[in-house]
Peer 1: 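Before we start, here is the structure in question, set down as structure tokens.
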Amino acid sequence: MPIALDILFPIPTPAFSYLLPFDANIPSIGVRVVVPWQQGLRIGLLVGVREVGASLGLELKQIITVLDSQPFVLPKQTELILELAQSSCSPAGLVLSTLLATGLNEELIHEARAIEGIKDISISTEHWVLASQLDNINLFREQGLIKEQIRIVPIKHKVLKIAKPIDENLQGKRQLNQRIALEWLDSVESVASGSELARQADVSESAVRTLVKKGYITYVEEDAPEPALPSYPSYEINKEISFLSDADYIVISGGSKEERIAALYDGIARALANDRSVLIIAPEQSLIAETASYLQAKFPTLVLSGELNDRQRKRLWHDLQEQAVVLVASYFGFLAPLHKLGQIILIEESSSSHKLRSGPRLFSPSVAKALAKKINCPIILTDSLISAESLLLTKKANAEHLQLPYLEQRYYFSDMSSSNNWPLSANLLQVLNQVKDRSRQAILLSPRRGYSAALGCTSCGEIISCPNCDLSLKYYQEQKKLRCHQCSTELSIPKTCSNCNSYELQAMRGAGTEWILKTVKRQIPGIPVYRYDSDQRDDLSAMLAGEAGVVVATSAILRHQPLSNVSLIALTLFDSLLAFSDYRAEEEALRTVLSLNELAPNKRPLILLQSFQLEHKLFKILRASDKLKAINSFLEELLIRRKAYNYPPYSKIARIQISAKDEQIAYHESNRIFDTLKIHCKEHAELLGPSQMAIFRIRNFYNYQIFISDLSSQGFDELLKPIIPYRGQVRVRIDIEPREIGGFLE
DNA sequence: GTGCCTCCATAC
DNA sequence: TATGGAGGCACA
């Protein structure tokens, strides 16, 4: 029986079937294979082997060669890819292209020669010929007339080397510089370029150029050296927290970031001592770097992040197989070649950055849990505040929750509803003056960049909104621009209101970094003020060195190295944390406030929150004398409510997003999809919608959403069968375990 | 008719 | 993802 191979490519499709040549051995799952693809070649990953009927065997193309003798992606990880595809309702190739950091885009040398005894084609039987020089290679292959071989192109680089020794033609006075350059090159053997040699030997570039022209030195291609991997500063941890657990689901919450990492040490040391690797997944570049900084002094640590270029990734893939290590990684770590994985650690379990916003929209903690289950290893999650999901799971057997004491924080709550000062209350200004008097530092957090959330007309109330989106344009006073934070459209500022022709256009709604910065400069003259958001990242090195100053920032500052002399952290509008109408908003807001101290580790700055709703229950928690108790009862209440509404973690939710350029089509098609699903799912799912998304129109696309919860654990691949793959006139995107689901609850 | 662009289906 | 074909548009 012919053998068919299921091969996955990094494109959004399921696996394709190819035929194994009849004389070839069956390769192992997870190796890379090279196959004919349209006009050329392509590298894919072998994910399945099966027998097929002889008739199908005639229709399929044959693979050309197997690239690896050992699996490139371990069989368990290969299974994980297929499982994730199923659970995320997306094609397996899309999961592969999202998670695999390297290996499928190698440049290949493809050669062919005629099989012995075949004379009637124009190809040599003795010499390999480059396939690119042959016209009908596909035809020859199908007829079985040729043999083919494929090699990965080794990476070369060009260097300057000596081609012939100094001779009498270089003895003249005017050739002095050339002699110097030649002698220098003789002593160092090779340099990367002509200008590099000129610089090193301290001669002119033209002297070097002349040497090349005369043939004394020449460019040679040689194997490129292994690229250096990025290095990180080492941080010492002053706390010792001894903690070892044999549970297979462990949560470490509370304390400071540093303490949570200290609590990981014993477990990591034990894994390494048992020759097991440790995989640490962090949600952001800066957290990857920080975590690596804490660990590398104690453990052999490697780092895999999106910042590595292709050659560095290849080197890392090689280095990872040498010994048991700690790998600190982005989600790329899930398919890294760690042969003996002993534990998986997730940093900042609840960070929204763990949710991938493209492709199959995976949620890293869920991927980590699936992998841990598959290879039967423990998983450890850390965060400032335990998530509702984890709280429920740690109540089960073989789970453990290490609750570190919450840091004693000094809070001050400033009531904006009774304040006349906007955007900075009198209280905040007073504290800022103290900061200035004592030459300390302050961080003011703004919910947005720009000057204000909108520019509007004071006489008729008209707000200028984006021509492409249902959003107000953000006002940039300095640049004299209006900008849409969704589609990046920029408009210049109109002189008059388009509605009533009045000249009274003014900054409206929430204050952004520009506005706050301007206010601080005016009200607190004499202290340096910096801005730090994704539009403008001021150089904060003076503040890093301890000098006095105020930083007005968005959450971008959380990714900056902590400042050293901070005595005030202010959230200028606490209420914006609750503005997302997501059922997780309160939990997230509390988590954000609890982790504000990370901006000034080992210090105890005043944390000042400005709010219009000081009666909100989160303030009671922050005020409580027994914070731990208050937080715990908040979390327990949260679980009770989630259970009552049947929300996660008590059910699984998916969002179906329907978009179309035509509003009517979007409306009708989302209703049609809703009805189709209703009939298909019967009592196994609860369906909500279709409703307009929080921003109905984005980039001229109209967006509807349908929520579906899986009531009897059928799996969304089953529930959504009628619409995957979707063929129709709108764009349909499926998001399992969605985050930031605006307008869903209450 | 040509050139250029966008949209969209398709890949074994 | 990447490629090519279909269809639209401007221009000669």
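Order of the sequence lines sets the chain letters (A, B, ...), proteins ahead of strands, with each chain counted from 1. On a predicted model such as this, the values are computed, not experimentally measured, just so you know.
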Peer 1: What pair of heavy atoms forms the shortest contact from A:V52 to A:M1, and how long is it?
Peer 2: O-SD, 3.7 Å
Peer 1: With a distance cut-off below 6.0 Å to the six-membered ring centre and an angular limit of 45° from the axis, does A:K158 pair with A:Y219 as a cation-pi contact?
Peer 2: yes
Peer 1: Mind listing the closest non-hydrogen atom pair of A:L94 and A:T98 along with its distance?
Peer 2: O-OG1, 2.6 Å
Peer 1: Scan side-chain atoms only and decide if A:H110 and A:E148 contain a donor-acceptor pair under the 3.5 Å cut-off.
Peer 2: yes
Peer 1: Could you encode protein contacts along nucleotides 7-12 of chain B as a string, one character per nucleotide from 5' to 3', using B for base contact, S for sugar-phosphate-only contact and - for no contact, with a heavy-atom cut-off of under 4.0 Å?
Peer 2: S---BB
Peer 1: Please write out each protein N/O paired with an N/O of nucleotides 6-8 of chain C under 3.5 Å, distance rounded to 0.1 Å.
Peer 2:
none

Peer 1: Under 6.0 Å from the CD atom of A:E107, do we count more than 12 heavy atoms belonging to anything else shown?
Peer 2: no
Peer 1: Under 3.5 Å, sequence neighbours excluded: what are the donor-acceptor pairs made by side chains of residues 2-19 of chain A?
Peer 2:
| from | atom 1 | to | atom 2 | distance (Å) |
| --- | --- | --- | --- | --- |
| A:D6 | OD1 | A:S17 | OG | 3.3 |
| A:D6 | OD1 | A:R50 | NE | 3.2 |
| A:D6 | OD1 | A:R50 | NH2 | 2.9 |
| A:D6 | OD2 | A:R50 | NE | 3.1 |
| A:S17 | OG | A:R50 | NH2 | 2.6 |
| A:Y18 | OH | A:P36 | O | 3.0 |

Peer 1: NE2 of A:H339: more than 12 outside heavy atoms within 6.0 angstrom?
Peer 2: yes
